[in-house]
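Each remark here refers to the structure printed beneath this line.
Please read all numbers here as calculations on a predicted model, not as lab measurements.
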Amino acid sequence: MRFWVLKSEPDVFGFADLVRVGREPWNGVRNYQARNFLREMRPGDLCLFYHSNARPAGVAGVARVAAGAYPDDLQFDAQSRYFDPKSSPDNPRWSMVDVEPLVAFPGVVPLDVLRTLPEWADSALTRKGTRLSVLPATDEQFWAVLDAAGLSLEDLNRLTP
DNA sequence: GCCAACGTTGGC
DNA sequence: GCCAACGTTGGC
């Protein structure tokens, strides 16, 4: 199993929204590096759900990959802001995965707390100016955040059959 | 709202 | 292939 970070703006779609809908296609990613990470995701992988452009910015919960990468339908929708006229159905340029909520943290683990964790020192997430919306996390990084959220491996095992 | 940092675009 | 201009991201 691998670990990831997914960024989202809570004003647009926060972790509470994911809990509400139960499952969500992670569409609209239009950055090649982020897309390549999406394509590496497998069902069951766990994602730290990061709230950006928020007060405070930080990790709000854990999501699970429910479906691996498949073509992002918005790239073919001329009405969508994510429409890509250079993409074609026989060779789709952009991908998405489905995610589902696993656990909401009791409180957001803020960015300034992440920065105090040795596992997160000088990472792409905590470094200033990084704009990647999908990025990998190490096991150590993942568990450090869970620990900071007050959750244990046992808490997570209870939720992951 | 500000602004630094970055990715993308397009002219050459 | 370079690089300036531009648009976007994202912390504050």
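With hydrogens and angles ignored, the 3.5 Å screen pairs a side-chain donor or acceptor of Asp17(A) with a backbone N or O of Gly14(A). Proximity of a side-chain donor or acceptor of Asn91(A) to a complementary backbone N or O of Ser88(A) within less than 3.5 Å is not detected.
Residue contacts shown for Ser133(A) are absent, as no nucleic acid heavy atom lies under 4.0 Å away. Arg115(A) comes within 4.0 angstrom of the backbone, heavy atoms only, and of no base.
Ring planes of Phe13(A) and Trp26(A): perpendicular class, angle over 60° (limits at 30 and 60°). Taking the six-membered ring for Trp and thresholds of 30 and 60 degrees, Phe142(A) and Phe3(A) have nearly parallel ring planes, at less than 30 degrees apart.
Under the salt bridge (charged side-chain N to carboxylate O under 4.0 Å, His left out) criterion, the residue pairs touching residues 96-118 of chain A are Arg23(A)-Asp98(A), Arg64(A)-Glu100(A), with sequence neighbours excluded.
Note: Trp94(A) and Tyr32(A) meet the aromatic proximity criterion, with ring centroids under 6.0 Å apart.
Across the interface with DNA chain B, nearest-nucleotide mapping of Tyr32(A) and Asn53(A) shows Asn53(A) to be the residue nearer the 5′ end. Between Gln33(A) and Lys86(A), the residue whose closest nucleotide on DNA chain B is further toward the 5' end is Gln33(A).
Taking a heavy-atom distance under 4.0 Å as the criterion, the stretch of DNA chain C touched by chain A extends 5' to 3' from dG7(C) to dC12(C).
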